[in-house]
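Ligands are counted one by one from 1 in listed order, and the atoms in each one are counted from 1 as well. Quantities reported herein were computed from a predicted structural model and do not represent experimental measurements.
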Amino acid sequence: MSTIAEVKTLVETGKSKKVGAAVQGALDAGLAAQSILDGMIESMGVVGEKFSAGEIFVPEMLIAAKAMSKGVEVLKPVMAGDNATSLGTCVMGTVAGDLHDIGKNLVVMMLESSGFDMVDLGVDVPADKFVEAVKENDNVVLVACSGLLTTTMPALKEAVQTVKAAYPDMKVIVGGAPVTPEYAAEIGADGYAPDAGSSAAKAKQLIGA
Ligand code: B1M
């Protein structure tokens, strides 16, 4: 049996070998998967604050991220839906120059569980790769781009505009911590979502599902 506080401490201190068991313990104790996830997201906020304050450095951020990913692995089957019908394919990636993938992975998980067939291009994805992926995969109905740094917001713009130039009717959704609905509209995206949970509803709305 574990508590969310224990899970959070393990994520914050980067104890990746112990997080999975603690998350399972929290689930076994009857805690909701979404609450455990929210706790881990909060922990990454704490890690970010410590980084900003110069108390920790990039390696500590990285091991905290690894720990969170281990926790998410345990939550994934619990949070995944069982959609029998496909809504079509969604191509998703974190834009060029950006290596952050936890938020993107959560969005992939939520879109998958709401019925999209996901093509995950990973991180540091150049604009052209999104276009290639639309060309190479069947029935692509949506392109989803994450930008998690203020410095990669221009890359987000390039990704949206490159996709729109090649496929004017393709729906594109964007998100990530520095992105606002206003910025999304300014760069020509069709939709924006502030978090993984709302990304699924927005994505479905965009394709008219
Ligand atoms: Co970096 N990093 N990082 N980092 N990192 C941040 C983002 C930062 C805020 C930390 C800080 O200074 N307080 C800061 C950015 C500041 C800014 O942009 N102005 C920062 C920095 C500066 C950097 C480096 C430049 C540090 C350096 O090298 N000096 C460097 C850049 C590397 C690069 O990308 N080129 C860097 C590196 C890294 C690591 C590689 C070490 C690691 C990432 C590992 C990984 O992802 N596998 C890392 C981490 C872990 C963080 C923090 C601590 C945590 C990020 C995270 O996973 N958050 C972060 C601090 C913070 O977030 N407060 C920080 C949890 C995640 C669930 O949230 O990613 O926002 P998020 O995703 C959310 C929403 O944004 C939304 O839904 C998600 C879930 O609800 N969302 C979407 C995301 N994509 C979406 C798409 C949608 C819709 C919603 O539609 C398509």
Side-chain angles (χ1 to χ4, degrees), residues 8 11-14 16 33-73 75-76 79 90-114 116 118-126 130 141-156 159-160 163 170-181 183-185 187 189-207:
K8 288 175 71 174
V11 169
E12 276 164 47
T13 52
S16 44
Q34 186 62 52
S35 310
I36 302 168
L37 180 61
D38 289 344
M40 291 197 290
I41 292 175
E42 256 176 61
S43 293
M44 297 314 288
V46 173
V47 169
E49 281 162 22
K50 287 186 179 167
F51 175 76
S52 296
E55 290 170 25
I56 61 166
F57 301 96
V58 169
E60 286 95 337
M61 276 209 289
L62 195 54
I63 57 170
K66 278 194 182 149
M68 169 144 183
S69 299
K70 292 283 178 194
V72 171
E73 269 174 35
L75 290 181
K76 201 174 170 185
M79 298 189 81
C90 171
V91 165
M92 175 150 200
T94 300
V95 297
D98 202 325
L99 302 175
H100 295 84
D101 69 357
I102 295 178
K104 185 265 298 167
N105 292 344
L106 293 178
V107 175
V108 167
M109 180 173 86
M110 294 312 291
L111 294 188
E112 197 163 41
S113 63
S114 63
F116 288 92
M118 296 303 293
V119 175
D120 184 353
L121 302 177
V123 295
D124 192 16
V125 180
F130 287 100
V141 293
L142 183 70
V143 173
C145 311
S146 286
L148 291 322
L149 290 167
T150 47
T151 48
T152 54
M153 289 170 79
L156 195 58
V160 173
V163 170
M170 179 61 63
K171 298 294 180 198
V172 182
I173 180 170
V174 297
V179 183
T180 61
Y183 185 72
I187 64 176
D190 300 286
Y192 158 84
D195 53 43
S198 58
S199 68
K202 188 71 197 177
K204 284 167 88 169
Q205 184 202 326
L206 286 179
I207 63 155

key: Contacting atoms of ligand 1, where contact means under 4.0 angstrom from a heavy atom of D195   = 76 (C), 77 (O), 80 (O)
key: E55 side, atom CD; E49 side, atom CD - distance, nearest 0.5 Å   = 9.5 Å
task = Using side-chain contact (heavy atoms from CB on, under 4.5 Å) as the criterion, point out the one residue from D98, V95, D101 that pairs with V123.
result = D101
query = Do the non-hydrogen side-chain atoms of M40 and L75 ever get within less than 4.5 Å of each other?
reply = yes
query = Can you find a protein heavy atom closer to atom 13 (N) of ligand 1 than 4.0 Å?
reply = yes
inquiry  = Counting C-beta onward and ignoring hydrogens, is there a side-chain heavy-atom pair between S35 and D38 closer than 4.5 Å?
reply    = no
ask   = Can you tell me which residue and heavy atom of the protein come closest to atom 44 (C) of ligand 1, and the distance to 0.1 Å?
value = A65 CB, 3.6 Å
query = Tell me: protein heavy atom nearest atom 76 (C) of ligand 1, and distance?
reply = P194 O, 3.5 Å
request  = Could you tell me which atoms of ligand 1, counted from 1 in the order shown, lie closer than 4.0 angstrom to a heavy atom of D98?
outcome  = 34 (O)
key: Distance (rounded to the nearest 0.5 Å) between M153 CE and T180 OG1   = 6.0 Å
ask   = Got a protein heavy atom sitting under 4.0 Å from atom 85 (C) of ligand 1?
value = yes
inquiry  = For atom 40 (C) of ligand 1, tell me which residue out of L62, L111, V108, V172 has the closest non-hydrogen atom.
reply    = L62
inquiry  = Would S199 count as a polar contact of ligand 1, with the cut-off being nitrogen or oxygen pairs under 3.5 Å?
reply    = no
Note, D190 side chain near I173 side chain (heavy atom, < 4.5 Å) = no
request  = Check whether any side-chain heavy atom of F116 lies under 4.5 Å from a side-chain heavy atom of V141, and answer yes or no.
outcome  = yes
inquiry  = Counting non-hydrogen protein atoms only, what is the nearest one to atom 62 (O) of ligand 1? Give residue, atom name and distance.
reply    = M44 O, 4.5 Å
key: Nearest-0.5 Å distance that lies between atom NZ in K50 and atom CD in E60   = 10.0 Å
Side-chain heavy-atom pair L106, I41 within 4.5 angstrom cut-off = yes
key: Options V46, I63, I102, ranked by nearest heavy atom to atom 57 (O) of ligand 1, top entry   = I102
request  = Ignoring angles and geometry beyond distance, decide whether G48 reaches within less than 3.5 Å of ligand 1 through its nitrogen or oxygen atoms.
outcome  = yes
inquiry  = Is there a polar contact, in the sense of an N or O pair closer than 3.5 Å, between M61 and ligand 1?
reply    = no
Ligand 1 atoms in contact with L106 (distance to a heavy atom under 4.0 Å) = 67 (C), 79 (C)
task = Return yes when C145 approaches ligand 1 closer than 4.0 angstrom through a heavy atom, no otherwise.
result = yes
request  = Report the distance from atom OG of S146 to atom CD1 of I102, rounding to the nearest 0.5 Å.
outcome  = 12.0 Å
ask   = Any N or O on A144 sitting closer than 3.5 Å to an N or O of ligand 1?
value = no
Identity and separation of the nearest protein heavy atom to atom 89 (C) of ligand 1 = A193 O, 3.2 Å
inquiry  = So does H100 get a backbone contact from the side chain of T94, meaning a donor-acceptor N/O pair under 3.5 Å?
reply    = yes
query = Does some non-hydrogen atom of P59 fall short of 4.0 Å from ligand 1?
reply = no
query = Based purely on interatomic distance, does G97 place a nitrogen or oxygen under 3.5 Å from a nitrogen or oxygen of ligand 1?
reply = yes
inquiry  = Quick one, E112 and M92 - any side-chain contact, counting heavy atoms below 4.5 Å?
reply    = no
query = To the nearest 0.5 Å, what is the distance between CG (L37) and NZ (K76)?
reply = 13.0 Å
ask   = Does V11 reach the side chain of M44, with side-chain heavy atoms less than 4.5 Å apart?
value = yes
request  = Note the single closest protein heavy atom to atom 2 (N) of ligand 1, along with its residue, its atom name and the distance in Å.
outcome  = H100 NE2, 3.2 Å
message = Only heavy atoms of I173, strictly under 4.0 Å: list the atoms of ligand 1 that pass.
response = 90 (O), 91 (C)
Element-labelled atoms of ligand 1 that are located less than 4.0 Å from some non-hydrogen atom of A177 = 70 (O), 75 (O)
key: L148 vs T152 side-chain heavy atoms within contact, under 4.5 Å   = no
ask   = Looking only at N/O atoms, are T150 and ligand 1 under 3.5 Å apart anywhere?
value = yes
request  = Identify the protein heavy atom lying closest to atom 23 (C) of ligand 1, giving its residue, its atom name and the separation to 0.1 Å.
outcome  = L149 CD2, 4.0 Å
key: Ligand-residue contact atoms, ligand 1 with G45, heavy atoms, under 4.0 Å   = 63 (N)
remark   = Heavy-atom proximity to atom 33 (C) of ligand 1, picking from L99, D124, V179, points to L99
ask   = Between D101 and ligand 1, does any nitrogen or oxygen pair lie at a separation below 3.5 Å?
value = yes
request  = Kindly state if atom 59 (C) of ligand 1 has a protein heavy atom within a strict 4.0 Å cut-off, that is, under 4.0 Å?
outcome  = no
query = Which protein non-hydrogen atom lies closest to atom 73 (C) of ligand 1, naming both residue and atom, and how far is it?
reply = G103 CA, 4.1 Å
query = Under the 4.0 Å line, does any protein heavy atom show up next to atom 9 (C) of ligand 1?
reply = no
task = Show which atoms of ligand 1 fall inside a sub-4.0 Å distance from at least one heavy-atom site of G176.
result = 75 (O), 81 (N), 82 (C), 83 (C), 84 (N), 85 (C)
ask   = How far is atom 27 (C) of ligand 1 from its nearest protein heavy atom, and which residue and atom is that?
value = V58 CG2, 3.6 Å
request  = Tell me, please: is S52 in heavy-atom contact with ligand 1, that is, under 4.0 Å?
outcome  = yes
note = Near S146 (heavy-atom distance under 4.0 Å), the atoms of ligand 1 are 83 (C), 84 (N), 85 (C), 86 (C)
